[in-house]
*Asks:* 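Handing you this structure, nothing more for now.
Residue numbers count from 1 along this sequence. Heavy atoms only: backbone and side chains are in, while hydrogens, waters and symmetry mates are out.
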Amino acid sequence: MAKNHNHLVIMAGGVGSRFWPMSTEDIPKQFIDVLGTGRTLIQMTYDRFKGICPDENVWIVTNKKYSRLVEEQLPMIKHGNILLEPCRRNTAPCIAYVSWRIKMQDSRANIVVSPSDHVVIDTSEFRRVITESLNFTKESDAIVTLGMKATRPETGYGYIEADLSSNTLRNKEIYRVDAFHEKPNAEKAVQYLAKSNYFWNAGIFIWNIETIVNALRVYAPRINNIFERIQDVFGTEKEQETVDECYPNCENISIDYAVMEKAEEKFVFPANFGWSDLGTWGSLLMQSKRDVNGNVCIGQNISLYDSNGCIIHTTQEKQVIVEGLSNYIVAEQNNQLLICHLSEEQRIKLFLGK
């Protein structure tokens, strides 16, 4: 079946303190039950791709320090499909490494690349969009990215400008990309929201193996050559040692800058399935179910009085009572407590000295 050539790449190497104290550099947010559902973000990412590709075609790319966390949380993934980065070099080297690794195993691979820390509400619609995109790329040289319908003037996301004047012949929901735009200032974000052809860039990519390898050869040759040169050691006991030696030589650059902005056959699938990258406590508040006062409580023993627009995240079985707060974050983890106004959460990293 064609489905057996579908591969999923989950990028899970991110480090950060945006969700401190819940997430730290030792246990970043993708390995945490952020929503209080009993499943971590990386587990939820794996779950939403069920039925799209078999477990033997699921690949995780993560930092070496998180290998144990991946094995514990996704025990169904083959050990050889967990690729370990010795250092952080952004998404272009990550994708180049896993692409050459997949190519050695399946020359007919059709691949979807996804971050590990996003949230999707309508998983049925998500699977439909991914399946349609994989059908579009499996026998073409197209690169497809997903564009999320913008619902607010968001300055924290990059944007995709689509040519909506005509759809593609093979799929009426897929359009050519005119341009990619960096995260805008507030004024530009308002302008983008007013235009029907601007979409949030979700960082989810679909392509077949020959398309991405050829694109890397043309647009990112220095990165590509590093992995093409060492392809013979992939799958052997020398792989990790060789990757450890070569990886630091890769340019620190995203796949957007390295390939997507330069590629010619690039397309966008505008979609609306309730998406968030959960980059901030504020985005978690907006993505979660709120009570009549706009509060979100994630935990078992929380009581709120005369409070509105707050997010309370206390999951370690302590009684929490909040009174008289408006638009605040209250979060506790491992004896560390954060109380911060939502408008000031960007300063948390400064407080922590990050």
Side-chain angles (χ1 to χ4, degrees), residues 8 10-50 55 58 60-63 65-77 82 114-124 126-127 156 202-204 273-291 294-304 310-322 328-340 342 345 348-349 352:
L8 166 63
I10 300 177
M11 299 182 292
V15 179
S17 56
R18 297 290 289 277
F19 274 95
W20 188 89
M22 183 173 56
S23 68
T24 64
E25 287 195 5
D26 291 330
I27 308 180
K29 64 177 178 176
Q30 61 265 34
F31 301 109
I32 294 173
D33 178 11
V34 174
L35 299 175
T37 63
R39 299 288 281 174
T40 66
L41 291 179
I42 193 172
Q43 289 173 325
M44 293 174 69
T45 301
Y46 165 81
D47 291 345
R48 76 177 65 107
F49 282 96
K50 283 182 179 177
D55 282 347
V58 178
I60 313 294
V61 187
T62 190
N63 191 280
K65 68 192 294 185
Y66 306 138
S67 60
R68 179 185 57 81
L69 289 170
V70 172
E71 291 172 353
E72 289 177 353
Q73 296 190 12
L74 297 175
M76 72 293 292
I77 306 303
I82 302 173
S114 172
S116 59
D117 54 359
H118 292 182
V119 167
V120 168
I121 301 302
D122 188 346
T123 55
S124 295
F126 175 83
R127 291 189 183 104
I204 300 173
F273 39 66
W275 170 88
S276 173
D277 76 342
L278 290 188
T280 63
W281 283 106
S283 64
L284 178 58
L285 174 66
M286 295 184 68
Q287 197 65 36
S288 303
K289 184 176 181 180
R290 285 166 275 185
D291 64 19
N295 299 305
V296 171
C297 296
I298 300 176
Q300 298 300 315
N301 200 359
I302 302 170
S303 301
L304 272 69
C310 295
I311 179 163
I312 316 298
H313 195 292
T314 52
T315 59
Q316 298 187 324
E317 298 182 359
K318 294 183 179 179
Q319 184 175 17
V320 176
I321 300 173
V322 174
Y328 261 77
I329 307 161
V330 178
E332 187 268 346
Q333 186 82 7
N334 297 330
N335 295 318
Q336 294 176 309
L337 176 66
L338 169 69
I339 302 175
C340 174
L342 277 161
E345 71 165 308
I348 293 174
K349 293 180 73 173
L352 296 172

*Asks:* Starting from the C-alpha separation in whole Å, work towards a yes-or-no answer on side chain to side chain contact (heavy atoms under 4.5 Å, CB included) for Val58 and Phe49.
*Replies:* CA-CA 9 Å; Val58 178; Phe49 282 96; over 6 Å; no
*Asks:* Are the side chain of Asn295 and the backbone N or O of Cys310 linked by a donor-acceptor pair below 3.5 Å?
*Replies:*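 Checking the backbone N and O of Cys310 against the side chain of Asn295, a donor-acceptor pair under 3.5 Å is found.
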*Asks:* Locate the shortest heavy-atom distance separating Pro115 from Ile204; write the atom from each residue and the value.
*Replies:*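 Closest pair (atom of Pro115, atom of Ile204, distance): CD-CG1, 4.0 Å.
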*Asks:* Could you go through Thr315 and Asp33, starting from their C-alpha distance and side-chain angles, then the distance that decides it, and tell me whether this counts as side chain to side chain contact (heavy atoms under 4.5 Å, CB included)?
*Replies:* CA-CA 9 Å; Thr315 59; Asp33 178 11; over 6 Å; no
*Asks:* Any sub-3.5 Å donor-acceptor pair from Arg127's side-chain atoms to Arg48's backbone N or O?
*Replies:* yes
*Asks:* Are Tyr328 and Val322 side-chain neighbours, meaning at least one heavy-atom pair lies under 4.5 Å?
*Replies:*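 A side-chain contact under 4.5 Å is absent here.
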*Asks:* Under the side chain to side chain contact (heavy atoms under 4.5 Å, CB included) criterion, do Ile77 and Val70 qualify, and how do the steps go?
*Replies:* CA-CA 9 Å; Ile77 306 303; Val70 172; 5.7 Å; no
*Asks:* Donor-acceptor check, side chain of Gln73 to backbone of Ile42, threshold 3.5 angstrom: yes or no?
*Replies:*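 Flag not set: sc Gln73 to bb Ile42 has no pair under 3.5 Å.
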*Asks:* Could you list the residues that satisfy salt bridge (charged side-chain N to carboxylate O under 4.0 Å, His left out) with Asp55, not counting sequence neighbours?
*Replies:*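 Expected list: none.
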*Asks:* In Å and rounded to the nearest 0.5 Å, what is the CZ to CD1 distance from Phe19 to Ile329?
*Replies:* 9.0 Å
*Asks:* To the nearest 0.5 Å, how far apart are CD1 in Ile298 and OG in Ser288?
*Replies:* 4.5 Å
*Asks:* Compare every heavy atom of Leu338 with every heavy atom of Trp281, then report the nearest pair and how far apart it is.
*Replies:*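 Taking Trp281 first and Leu338 second, the nearest heavy atoms are NE1-CD2, 3.9 Å.
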*Asks:* Looking at every heavy atom in both Gly14 and Gln30, which two are closest together, and how far apart are they?
*Replies:*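 Closest heavy-atom pair between Gly14 and Gln30: O-NE2, 3.1 Å.
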*Asks:* Counting N and O atoms only, with roles assigned by atom type, does the side chain of Thr45 sit under 3.5 Å from a partner on the main chain of Ser116, one being a donor and the other an acceptor?
*Replies:* yes
*Asks:* Under the criterion side chain to side chain contact (heavy atoms under 4.5 Å, CB included), I'd like the reasoning laid out for Ile27 against Ile32: C-alpha separation, chi angles, the key distance, then a yes or no.
*Replies:* CA-CA 7 Å; Ile27 308 180; Ile32 294 173; 3.9 Å; yes
*Asks:* Can you tell me how far apart OG1 (Thr40) and CG (Leu69) are? Round to the nearest 0.5 Å.
*Replies:*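 One gets 9.0 Å once the value is rounded to the nearest 0.5 Å.
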*Asks:* I need the minimum non-hydrogen distance between Ser23 and Pro28, along with the two atoms involved.
*Replies:* CB-C, 3.9 Å
*Asks:* What are the two closest non-hydrogen atoms of Leu8 and Ser114, and how far apart are they?
*Replies:* CD1-CB, 4.5 Å
*Asks:* List in chain and number order the residues that pass salt bridge (charged side-chain N to carboxylate O under 4.0 Å, His left out) with Arg290, two or more places apart in sequence or in another chain; answer none if no residue qualifies.
*Replies:* none
*Asks:* At what distance, to the nearest 0.5 angstrom, does CD of Glu332 lie from NE2 of His313?
*Replies:* 10.5 Å
*Asks:* Please verify the inter-ring angle class for Phe273 with Phe126; under 30° counts as parallel, over 60° as perpendicular, anything in between as tilted.
*Replies:*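 Perpendicular.
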*Asks:* Measuring from Gln43:CD to Glu72:CD, what's the distance to the nearest 0.5 Å?
*Replies:*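 With rounding to 0.5 Å, CD (Gln43) is 10.5 Å from CD (Glu72).
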*Asks:* Between Ala12 and Thr62, which heavy-atom pair has the shortest distance, and what is it?
*Replies:*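 Of all heavy-atom pairs spanning Ala12 and Thr62, the closest is O-OG1, 2.8 Å.
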*Asks:* How far does CZ of Arg39 sit from CG of Leu41, to the nearest 0.5 angstrom?
*Replies:* 11.5 Å
